[in-house]
Amino acid sequence: MAGARGAADRATGAASVRPDRGRAAGGSVAAAGSVVPLATAAPGRELPRLLMLGPVEVENAAELGEQTKLGQLTELAMYIALNPGCDSTSIDEAIWPGSAVTKTTRGTAISKLRRWLGTDAAGASLLPRTESGYTLRPGIRSDWDEWCDLVPDGPARAGNAELRTALDLVSGRPFSGRGRRRYAWADHLAQEMIASIVDACHEVALRSLVDGDAWEALRAALLGLSVEPGVELLWRDRLKAEAALGDRDRLLGTIEKLRATAADLGGDLEAETEELIERLRTGGGSGRGRGGDQGGSGEPEAPGGPDASGGPDAPGGPSRRPADGSAGSHGPGRPRSTAGR
């Protein structure tokens with residue numbers, strides 16, 4: 001699948017996925033020349049948490065009276081979290097692209113977001129008014145922050161427990177569940193997230209196959225394919241795991257799904273994939289892991305259902321890799337929210 005190729009096939013040696021974060025004294029964070037105190041939740045409440053590694057959502061926010069504004073306010077919160085110190089012009093271009101936005105329109109949206117996010121234990125706004133731009137209070141976390149904390153030096157250098165915890169954060173394709181016109185500003189970051197998820201899924205699958213845990217390998221491969229269906233590296237992980245489980249009918253069915261996905265994407269399979277398929281068809285390279293003795297129970301499921309094969313039923317449908325081939329190439333300086341900075 002030429003359109004699905006990228007550095008993901010050379011992955012798992014990635015550099016750091018998060019930039020250096022400067023912290024001021026007393027747990028506060030220096031941002032755009034000012035010091036913003038760390039937020040603490042009021043008794044009996046939790047601070048808002050931003051979900052990006054799947055359908056977008058702001059957890060633990062106050063009840064929103066105007067549900068028609070949910071999509072816009074969620075996107076605005078995500079943008080400010082990932083672009084601390086952003087000014088009015090950049091917000092207008094991101095949230096209302098191509099539109100003439102009045103100061104009143106923007107101000108109303110910011111005010112509604114401020115009320116929705118609420119206050120901290122001291123009654124201070126979680127979206128303070130500053131002269132230097134808009135910044136969420138440190139302490140408001142996102143699942144992407146947590147991901148970066150778990151795999152700071154890339155999936156290949158992370159421990160097994162950290163990798164599995166990171167994969168538990170993924171509920172689908174990053175920034176999914178959105179309107180067609182929203183989050184255009186996040187496209188590049190979404191591809192970076194996808195690349196890191198693909199690398200982590202492959203790393204878990206690889207280690208699990210070495211350890212003889214075919215079910216865990218299959219679970220990781222299915223999760224990765226639910227996020228990016230066109231990555232042949234993960235298809236090969238899936239085929240190897242299914243071969244180790246010893247279910248030949250299932251294996252042959254997966255091969256057919258792979259070929260159908262390749263046809264949908266308009267490309268040929270890579271030579272390494274064809275060679276693996278040929279070995280598996282003829283009965284070679286099908287060693288069983290300890291998962292092969294588990295029978296039909298405990299079958300892994302990826303987000304979106306048990307198939308998650310990357311075919312038409314997978315979340316998001318058949319998808320090409322990013323045009324810039326960025327998957328799997330992780331460099332420092334990735335945008336992330338202000339949590340813990």
Side-chain angles (χ1 to χ4, degrees), residues 1-14 155-156 173 191 194-210 213-289 291-292 300 302 306-329:
M1 284 177 276
R5 270 187 162 164
D9 292 291
R10 304 185 300 274
T12 67
R173 192 175 178 86
Q191 296 301 334
I194 290 168
S196 191
I197 293 169
V198 166
D199 288 353
C201 288
H202 171 63
E203 188 66 26
V204 170
L206 189 66
R207 295 181 190 183
S208 298
L209 286 170
V210 170
D213 191 346
W215 280 119
E216 183 66 17
L218 181 57
R219 184 179 293 110
L222 288 173
L223 175 61
L225 289 170
S226 76
V227 171
E228 186 62 291
V231 181
E232 287 188 45
L233 184 70
L234 294 175
W235 279 101
R236 292 194 291 270
D237 291 336
R238 177 177 179 175
L239 291 172
K240 292 172 185 176
E242 291 182 347
L245 290 170
D247 187 340
R248 186 162 180 80
D249 289 340
R250 176 178 184 149
L251 174 64
L252 295 177
T254 296
I255 291 173
E256 294 309 310
K257 292 173 185 175
L258 170 55
R259 293 202 182 280
T261 301
D264 287 340
L265 293 174
D268 297 325
L269 294 178
E270 298 164 11
E272 186 175 353
T273 304
E274 292 284 12
E275 291 169 4
L276 175 61
I277 289 173
E278 181 60 26
R279 289 202 309 272
L280 296 178
R281 279 189 181 280
T282 58
S286 57
R288 296 170 61 88
D307 186 30
S309 64
D313 295 328
S319 172
R320 292 184 181 275
R321 298 294 293 156
D324 59 4
S326 61
S329 63

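A quick note: this is a predicted structure, and the numbers were derived from the prediction, not measured. Note that the numbering runs from 1 along the sequence shown for the chain. These numbers come from the heavy atoms of this one structure, side chains and all, not from hydrogens, waters or symmetry mates.
Residues Asp268 and Glu232 share a closest heavy-atom pair of O-OE2, 3.8 Å. For Leu234 against Ala221, the heavy-atom pair with the smallest separation is O-CB, 3.7 Å. In terms of heavy-atom proximity, Ala214 sits nearest to Ala244 at CB-CB, 3.8 Å. Here the closest non-hydrogen pair linking Gly230 and Leu265 is CA-CD1, 3.8 Å.
One N or O on the side chain of Arg173 and one on the backbone of Val227 form a donor-acceptor pair closer than 3.5 Å. A donor-acceptor pair under 3.5 Å links the side-chain atoms of Trp235 to the main chain of Pro229, judged by distance alone. Using a distance-only test at 3.5 Å, with no hydrogens or angles considered, no donor-acceptor pair links the side chain of Ser208 to the main chain of Ala205.
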Dump the intermediate steps for salt bridge (charged side-chain N to carboxylate O under 4.0 Å, His left out) on Arg207 and Glu203, then the final yes or no. CA-CA 6 Å; Arg207 295 181 190 183; Glu203 188 66 26; 2.9 Å; yes

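Rounding to the nearest 0.5 Å gives a distance of 11.0 Å between OG1 of Thr254 and CG of Asp249. For the atom pair CZ of Arg279 and CG of Leu239, the computed distance is 10.5 Å after rounding to the nearest 0.5 Å. In this structure, Asp199 CG and Leu233 CG are separated by 8.0 Å, a value rounded to the nearest 0.5 Å.
Side-chain atoms of Thr261 and Leu225, non-hydrogen and from C-beta on, never get closer than 4.5 Å to each other. The side-chain heavy atoms of Cys201 and Ile197, taken from C-beta on, include a pair separated by under 4.5 Å. Looking only at side-chain heavy atoms (C-beta outward), Arg248 and Leu252 come within less than 4.5 Å of each other.
A salt bridge (charged side-chain N to carboxylate O under 4.0 Å, His left out) with Arg236 is found for exactly one of Glu242, Glu275, Glu270, namely Glu270.
Contacts of Arg259 classified as side chain to side chain contact (heavy atoms under 4.5 Å, CB included), with partners at least two apart in sequence or in another chain: Ile255, Leu269, Glu274, Ile277. Contacts of Glu256 classified as side chain to side chain donor-acceptor pair (under 3.5 Å), with partners at least two apart in sequence or in another chain: Arg281.
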